[in-house]
Protein chains: 2
Amino acid sequence: MSTGGTGELSHSEAGVATDAAASALAGLLGSVNATLSLRRGTGRPVLPIGYYANVLDLGGGRGLAISTDGVGTKALVAQMLGKYDTIGIDCVAMNANDIICVGAEPVAMTDYLGVEVADPGVFRDLGKGLLEGARRAGISIPGGEVAEIPEMIRGAFGGQGFDLVGTCVGLVPLDRILTGRNLSDGDVIIGLASSGIHSNGLTLARKVLLQTAGYGIADYVPELGRTLGEELLEPTIIYVSFAVEALNAGVSLKALAHITGDGLLNLNRMTAEVSFELEDWLEPPAVFQLIQEAGEVPVEEMYRVFNMGVGLIAVIGRGDTGAILELAHRHGHVAKVLGHVRDDAGRAVRLRPAGLQGQGSKFTKQ
Amino acid sequence: MSTGGTGELSHSEAGVATDAAASALAGLLGSVNATLSLRRGTGRPVLPIGYYANVLDLGGGRGLAISTDGVGTKALVAQMLGKYDTIGIDCVAMNANDIICVGAEPVAMTDYLGVEVADPGVFRDLGKGLLEGARRAGISIPGGEVAEIPEMIRGAFGGQGFDLVGTCVGLVPLDRILTGRNLSDGDVIIGLASSGIHSNGLTLARKVLLQTAGYGIADYVPELGRTLGEELLEPTIIYVSFAVEALNAGVSLKALAHITGDGLLNLNRMTAEVSFELEDWLEPPAVFQLIQEAGEVPVEEMYRVFNMGVGLIAVIGRGDTGAILELAHRHGHVAKVLGHVRDDAGRAVRLRPAGLQGQGSKFTKQ
């Protein structure tokens with residue numbers, strides 16, 4: 001089973017759903033890459049396209065991190081449930097969690113809301129979620145755009161369609177940008193728990209659970225201890241307060257990886273020529289087992305599409321393990337040591353508990 | 001005739017299409033406004049929601065301008081024509097032209113592309129337009145997001161739907177932010193010509209020309225000297241090179257206003273308690289007369305929805321009129337003096353050539 005022709009692509013994504021989509025993305029990226037040299041001096045981008053965020057040189061050793069992401073088809077789940085007051089949290093989370101991965105402190109996010117119909121109740125609730133997300137991330141929403149474009153937006157039911165996208169900016173000293181460039185043998189890989197599906201893989205999850213398995217969105221699912229809709233709409237965890245404190249704590253925080261679509265495989269995009277040995281993992285929430293079994297989804301596909309219980313990975317120098325774990329716990333996160341960086345140049349991600357080896361954009365079963 | 005329930009709303013728009021939409025927007029803005037105080041110190045927004053862009057305090061007297069805007073239903077015109085290589089220019093224009101209005105130099109824009117199907121030819125051409133737009137604006141596109149979400153996006157024909165949105169950032173010294181706060185009696189209002197419809201009012205234009213008047217998108221229209229589709233898809237002019245030179249020329253440039261939906265009425269949102277007397281206007285391109293006549297659209301509606309031939313307004317101290325006009329001409333723009341600022345506190349926009357007076361979000365016929 002694969003995600004088929006649907007799913008979220010991303011400039012920062014190595015593996016895309018189909019060959020046509022990969023080819024399309026490559027064509028677009030050709031032009032986007034050509035823009036990188038259009039700006040020199042102040043404002044110039046200092047990273048290549050494809051990491052979690054780019055950083056613009058503001059001069060004086062300061063950098064501006066910038067990243068754009070949307071909630072994707074999680075919007076459809078909100079529509080099916082008629083519950084709109086948390087999806088704004090996901091919008092902030094998807095963006096702010098990317099910004100911290102380059103070592104930046106998020107400061108603001110603009111939002112784009114495209115809708116079929118401007119419904120006062122829905123807008124009020126979308127705003128509530130955005131406000132709550134902004135609170136959790138410690139950012140403002142200084143502006144945005146709302147477009148009522150019924151000819152361009154559709155949804156789960158007529159008139160309910162919306163798309164919600166954010167662009168987040170943050171600040172980082174240029175000499176403290178995180179790209180995993182100084183990873184070395186023995187560095188410790190720490191995982192912070194996700195709250196479930198977060199905002200990636202909803203297309204596959206909906207297909208398997210609602211179509212293949214025939215669940216209704218409002219069905220109570222004993223394995224989940226709540227309704228399917230409540231599980232799928234659970235807001236994405238925002239890791240900003242932990243990350244900002246870790247960045248300023250004087251510990252040897254060497255890399256952060258937001259685990260989204262292809263997230264774990266993004267580990268092997270870090271600058272250093274190393275491999276990642278994961279000898280342990282956090283217990284995946286029950287929803288993932290439900291999807292895997294109902295859809296007969298291969299485990300390598302599960303770990304490519306879903307976060308599988310780990311929403312953020314931090315790589316740190318060995319001596320700071322205790323400090324980072326303590327910090328994560330103090331910020332309310334479940335966290336533990338998952339493994340270590342290994343000094344072999346294969347850029348592999350070995351996930352022992354699942355018997356997987358990842359290279360490039362694919363996991364294979366060992 | 002009115003735009004009915006469709007059209008582009010905006011955080012920065014005073015007048016929206018319907019009461020329901022206005023009420024919806026107010027509900028969302030309540031939450032968005034509450035985020036402004038969430039960020040203090042570095043990164044705090046220094047402007048209220050609703051001007052062309054906001055500015056974040058970067059510290060050290062520096063500011064980051066940020067603005068989000070999309071191409072709206074101009075995307076449908078591109079689909080009808082099967083011509084995708086210029087709409088990226090509009091995406092850059094809509095954003096970069098907003099950034100200059102707070103006195104900032106645009107440096108980068110991220111893009112969001114939501115599509116029904118990831119088509120390689122379409123993506124390649126969308127990229128071409130973005131690259132050309134970036135060239136004209138002197139910015140990079142350091143990242144972005146592509147989502148293939150057929151359940152959420154639709155278009156003019158099955159499979160062709162896309163939505164294209166940008167978020168642009170720019171740099172401005174905090175003590176040089178333009179908000180029209182120091183306008184005074186006798187300041188000169190200069191208009192720079194648009195290239196036609198730009199990216200606002202396409203919903204009304206399509207309704208009138210394709211439905212009411214029954215034109216085909218490929219029809220040659222003698223009044224336009226080209227096909228209707230070519231006219232409607234004409235790229236939005238990017239005023240960045242002119243504006244950046246004007247901002248740095250040591251002239252008394254006091255305000256810039258990007259004329260989009262409600263654009264001319266945005267003049268009366270400037271900080272200073274003044275009125276705007278427009279005794280002259282640039283000749284509106286023929287497409288506007290075509291729309292006005294075919295749709296029997298009242299003139300007050302025409303000047304509220306469309307730019308009517310003026311894409312950017314600059315307000316300057318009287319002594320610099322010649323210098324600014326020369327600068328505009330040197331950057332290839334048609335430009336002339338339209339009128340003057342008047343020291344009456346009514347915040348009115350009086351447009352003598354059209355017999356209109358604008359106040360709040362409405363024009364009325366005098």
Side-chain angles (χ1 to χ4, degrees), chain A residues 6 8-11 20-21 23-25 27-28 30-32 34-36 38-39 43 45 49 54 56 66-70 72-73 75-76 107-108 110 112 114 118-120 123-124 126-128 130-131 134-135 139-152 154 161 163 165 167, chain B residues 6 8-11 20-21 23-25 27-28 30-32 34-36 38-39 43 45 49 54 56 66-70 72-73 75-76 107-108 110 112 114 118-120 123-124 126-128 130-131 134-135 139-152 154 161 163 165 167:
Chain A
T6 62
E8 292 87 35
L9 315 177
S10 164
H11 285 190
S23 156
L25 201 52
L28 180 63
S31 289
V32 169
T35 70
L36 294 184
L38 291 176
R39 186 82 206 176
I49 301 282
N54 212 323
L56 309 178
I66 185 164
S67 181
T68 293
D69 206 351
T73 62
L76 298 171
V107 298
T110 58
Y112 167 71
D119 178 286
F123 272 42
R124 186 196 58 223
L126 291 173
K128 277 186 194 171
L130 288 168
L131 173 56
R135 272 202 195 106
I139 62 170
S140 74
I141 299 177
E145 171 69 8
V146 176
E148 189 178 34
I149 41 177
E151 296 162 286
M152 293 172 58
R154 65 177 148 203
D163 193 9
V165 180
T167 297
Chain B
T6 61
E8 292 87 34
L9 315 178
S10 164
H11 284 190
S23 155
L25 200 54
L28 179 64
S31 288
V32 169
T35 70
L36 293 183
L38 291 176
R39 185 82 206 175
I49 301 281
N54 211 322
L56 309 178
I66 185 165
S67 182
T68 293
D69 207 352
T73 62
L76 298 171
V107 298
T110 58
Y112 167 71
D119 179 287
F123 272 43
R124 186 197 58 226
L126 291 174
K128 277 186 196 169
L130 287 169
L131 173 55
R135 270 201 196 105
I139 62 169
S140 74
I141 299 177
E145 170 71 8
V146 177
E148 190 179 32
I149 41 177
E151 297 161 285
M152 292 171 57
R154 65 178 150 203
D163 192 10
V165 180
T167 297

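A note on names: the letters A, B, ... follow the listed sequences, proteins ahead of strands, and every chain is numbered from 1. What you are looking at is a predicted structure, and each value in this text was computed from that prediction instead of being measured.
- Of the listed residues B:Ala75, B:Pro120, B:Gly27, the one with more heavy-atom pairs under 4.5 angstrom with chain A than any other is B:Pro120.
- Summarising the geometry of B:Leu28 relative to A:Phe123, their closest heavy-atom pair is CD1-O, 3.7 Å, with the distance given to 0.1 Å.
- Listed by chain and residue number, nothing satisfies the side-chain hydrogen bond (donor to acceptor under 3.5 Å, both in side chains) test with B:Asn54 (two or more places apart in sequence, or in another chain).
- Of the residues A:Thr68, A:Val165, A:Val32, the one that meets the side-chain contact (heavy atoms from CB on, under 4.5 Å) test with B:Thr110 is A:Thr68.
- Panel note: side chain B:Arg154, backbone A:Pro150; a donor-acceptor pair is recorded below 3.5 Å.
- Per-residue counts of heavy-atom pairs under 4.5 Å with chain B were compared for A:Val107, A:Ile66, A:Leu36; the largest is that of A:Val107.
- Considering every non-hydrogen atom in both B:Pro45 and A:Ser140, the closest pair reads CG-OG, 3.3 Å.
- Interface remark: B:Leu56 contributes side-chain atoms only to the contact with chain A (heavy atom separation under 4.5 Å).
- Ranked by heavy-atom pairs shorter than 4.5 Å toward chain B, the options A:Arg124, A:Met152, A:Lys128 are led by A:Met152.
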Apply side chain to side chain contact (heavy atoms under 4.5 Å, CB included) to the pair A:Leu76 and B:Ile149, showing each step before the final yes or no.
CA-CA 10 Å; A:Leu76 298 171; B:Ile149 41 177; over 6 Å; no
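- The main-chain N or O of B:Thr35 is never found under 3.5 Å from a side-chain atom of A:Arg135 such that the two would form a donor-acceptor pair.
- B:Leu38 CG to A:Ile141 CD1: the interatomic distance, rounded to the nearest 0.5 Å, is 8.5 Å.
- Only the backbone of A:Asp119 comes within less than 4.5 Å of a heavy atom of chain B; no side-chain atom from C-beta onward does.
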